[in-house]
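Some notes on the structure that comes next.
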Amino acid sequence: MTDTDHVIVVEGLRKTYGDKPALDGVDLTVARGTVHGLLGPNGAGKTTVVRILATLLRQDGGRAEVAGFDVRRDADAVRHRIGLLGQHAALDEELSGRQNLEMFGRLYHLGARGAAARAAELLDRFGLADTGRKAVRQYSGGMRRRLDLAASLVLAPEVLFLDEPTTGLDPRGRTEVWNAVRSLVGGGTTVLLTTQYLEEADQLADRISLLDAGRVAAEGTPDELKARIGGDRVDVVVRHADQLDAAAAVVTAAVGADATTDPDGRRTGAPVADRVAALTETLRALGAAGIEVEDIALRRPTLDEVFLRLTGAGATAKEDATV
Amino acid sequence: MTNWVLTDSWTMTRRGLAHRARRPGQMFVGLAFPVMMVLIFAYFLGGGMRVAGGGDYKDFLIPGMLALTMAFGLESTMVALTQDLNRGVIDRFRAMPMAPSAVLVGRSVDDMLESAASLLAMVGVGLLMGWRWHNGFGEALYALGLLLLLRFAMLWIGIYLGMVAGKPELVQAVQILIWPIGFLSNVFTSAESMPGWLGAIAEWNPMSATATAVRELFGNPGWNGTTWAATHAQLLAVAWPVALLAVFGPLAVRRYRGLSH
Ligand SMILES: Nc1ncnc2c1ncn2[C@@H]1O[C@H](COP(=O)(O)OP(=O)(O)OP(=O)(O)O)[C@@H](O)[C@H]1O
Ligand SMILES: [Mg+2]
């Protein structure tokens with residue numbers, strides 16, 4: 001029952017710790033050669049999904065296939081085809097980077113010489129060639145993360161799991177990891193990526209699953225998800241706080257949709273259909289009403305807004321967001 | 001499919017050796033402890049001790065100390081394993097297509113190599129102190145074999161307990177408990193000199209069996225007890241470790257496999 005287009009197939013995945021469900025029926029499919037982002041607030045179950053798919057944890061219910069193999073029945077076949085960058089470093093801190101990579105190469109049965117060659121190649125590629133005998137314990141967080149990523153690539157995996165790969169990295173380190181991921185995907189690797197940085201998902205992911213309390217709250221491309229919480233908006237910041245309510249009334253009339261207000265930011269705004277016409281009409285009406293405008297703009301919703309609306313606090317939004 | 005247990009176990013053993021190579025001082029610290037114990041008991045506390053069958057207390061003590069050191073190796077194995085389990089690198093091992101038992105076997109081979117080294121060092125210190133074996137080299141070698149067998153059994157108990165404990169904090173409880181268990185034996189004194197039931201426990205302590213057996217093999221003085229346990233020490237010195245291995249070996253491997261639950 002091998003699905004050749006979908007490298008990861010997850011159906012009704014459940015996992016309970018004690019009596020608290022961590023995963024409550026998760027469905028997920030990831031197409032070959034794509035990047036799938038797994039987003040969600042802390043405790044949503046992202047790491048749990050990754051650990052089950054990487055054969056580190058057994059699910060209590062549901063089915064999970066990676067590269068055509070069932071993660072429970074054919075764990076060993078799965079392990080031959082995956083690379084894992086866990087949320088926490090999975091390295092031997094007492095050894096040097098080279099010793100780590102050589103050890104992993106031997107355990108992948110590349111032989112002594114093959115392991116040494118692969119280690120040298122990866123150290124070079126991740127800018128760690130000059131770390132010498134220094135133990136990983138003495139590495140900086142960024143160096144450790146890069147070595148961890150290198151370790152997950154020892155076998156050139158078909159499927160790569162990245163659990164918050166750039167947490168704790170500086171912007172340059174983050175860009176480096178992003179580039180590494182892009183080049184891997186260019187080479188045909190499929191990537192499942194969890195992240196706290198919505199920009200990261202926006203940059204890298206072809207599709208995104210939004211996980212909330214052990215369930216998939218929404219799924220789609222980044223653009224689809226943004227469109228789902230209502231397309232563009234016109235946003236107005238007034239100069240004088242006492243004109244805010246008047247401005248909200250003007251905006252409502254001008255665009256034909258209820259405006260919301262944010263008194264702290266002296267801001268009001270409403271969703272718009274026709275972008276430019278709505279902007280000109282709003283500006284004209286505000287001028288006619290004698291309201292002083294500090295700033296006015298058309299905005300696309302960010303993934304952050306999608307995230308906040310569709311998880312946790314936005315419980316009502318979740319209902320109608322299901323595809 | 002090829003079975004990679006040997007290859008992978010060797011890779012894991014090399015890992016342990018690489019760790020040791022990075023902190024050579026630790027081995028000497030590890031050796032200093034049992035050596036100090038021998039010196040303290042032989043010269044400060046042992047002055048007043050009389051061995052019932054006649055003979056020097058030092059000659060009685062050294063084989064006992066060898067057995068004690070082997071048994072206490074349980075603790076270092078346990079510490080090393082809990083550290084490994086909490087280190088995260090174990091996740092990488094478990095997500096790889098390696099032989100799962102290699103992690104444990106590698107640990108045990110590595111610890112056995114260390115134990116053999118410390119055993120030889122302690123024998124050296126004993127010889128310097130004037131201790132001798134009297135029944136020939138073959139018997140002495142057999143005695144060392146029994147000591148290492150005890151160590152091997154204790155090592156697998158340590159691996160199992162390390163996995164059950166899981167956290168370094170719980171290891172401390174074992175580190176404290178191991179002392180009364182160590183003293184509840186005939187390592188330092190005769191089991192028969194202890195009050196009733198304590199004496200019975202001390203007599204049946206696996207450490208006592210090994211201590212008595214190696215005293216016999218080395219030709220060193222013992223207390224020449226008359227109970228079944230005392231007269232069958234050589235049998236018990238094999239049976240005990242084998243029985244412990246039969247129980248804790250499979251338990252340990254099963255526990256490791258079950259880490260995914
Ligand atoms: N070993 C465990 N024992 C008990 N509960 C656990 C365990 N691991 C995870 N959980 C619980 O399962 C739920 C999901 O955890 P998980 O680590 O998968 O979340 P996450 O989405 O990765 O969170 P984060 O963004 O903080 O990494 C949480 O409520 C967590 O408390
Ligand atoms: Mg997580």
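Numbers restart at 1 for each chain; the letters A, B, ... are given by sequence-line order, proteins then strands.
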Next on the checklist: Counting heavy-atom pairs under 4.5 Å with chain B, which one of A:H88, A:R51, A:E93, A:R79 comes out on top?
Outcome noted: A:R79

Checklist entry - Regarding A:Q99 and B:R22, is there a side-chain donor-to-acceptor distance under 3.5 Å anywhere? => result yes

Using residues 142-155 of chain B as the side-chain source, report each donor-acceptor pair under 3.5 Å to any protein atom, sequence neighbours left out, with the distance given to one decimal.
| from | atom 1 | to | atom 2 | distance (Å) |
| --- | --- | --- | --- | --- |
| B:R151 | NE | B:S115 | OG | 2.6 |
| B:R151 | NH1 | B:G73 | O | 3.4 |
| B:R151 | NH1 | B:T77 | OG1 | 3.4 |
| B:R151 | NH2 | B:G73 | O | 3.3 |
| B:R151 | NH2 | B:T77 | OG1 | 3.0 |

Item to check | With A:D92, the salt bridge (charged side-chain N to carboxylate O under 4.0 Å, His left out) member among B:R15, B:R14, B:R92, B:R87 | outcome: B:R15

Next on the checklist: Please classify the contact between A:D148 and chain B as side chain, backbone, both or neither, with a heavy-atom cut-off of under 4.5 Å.
Outcome noted: both

Checklist entry - So with a 6.0 Å cut-off around CD of B:Q172, is the heavy-atom count from everything else above 12? => result no

Item to check | Best-contacting candidate, A:R133, A:H109, A:Q59, against chain B by heavy atom pairs under 4.5 angstrom | outcome: A:H109

Item to check | side chain to side chain donor-acceptor pair (under 3.5 Å) contacts in which one or both residues fall within residues 111-124 of chain A, not counting sequence neighbours | outcome: A:R118-A:E121

Checklist entry - Tell me, side chain or backbone of A:A151 under 4.5 Å from chain B's heavy atoms, or both, or neither? => result both

Checklist outcome for this item: What one should report as the nearest heavy-atom pair of A:A90 and B:G88 is CB-O, 3.2 Å

Checklist entry - At a heavy-atom separation under 4.5 Å, does A:I82 approach chain B through its side chain, its backbone, both, or neither? => result side chain

Next on the checklist: Tell me if a side-chain donor or acceptor on B:R94 pairs with a main-chain N or O of A:L56 at a distance below 3.5 Å.
Outcome noted: yes

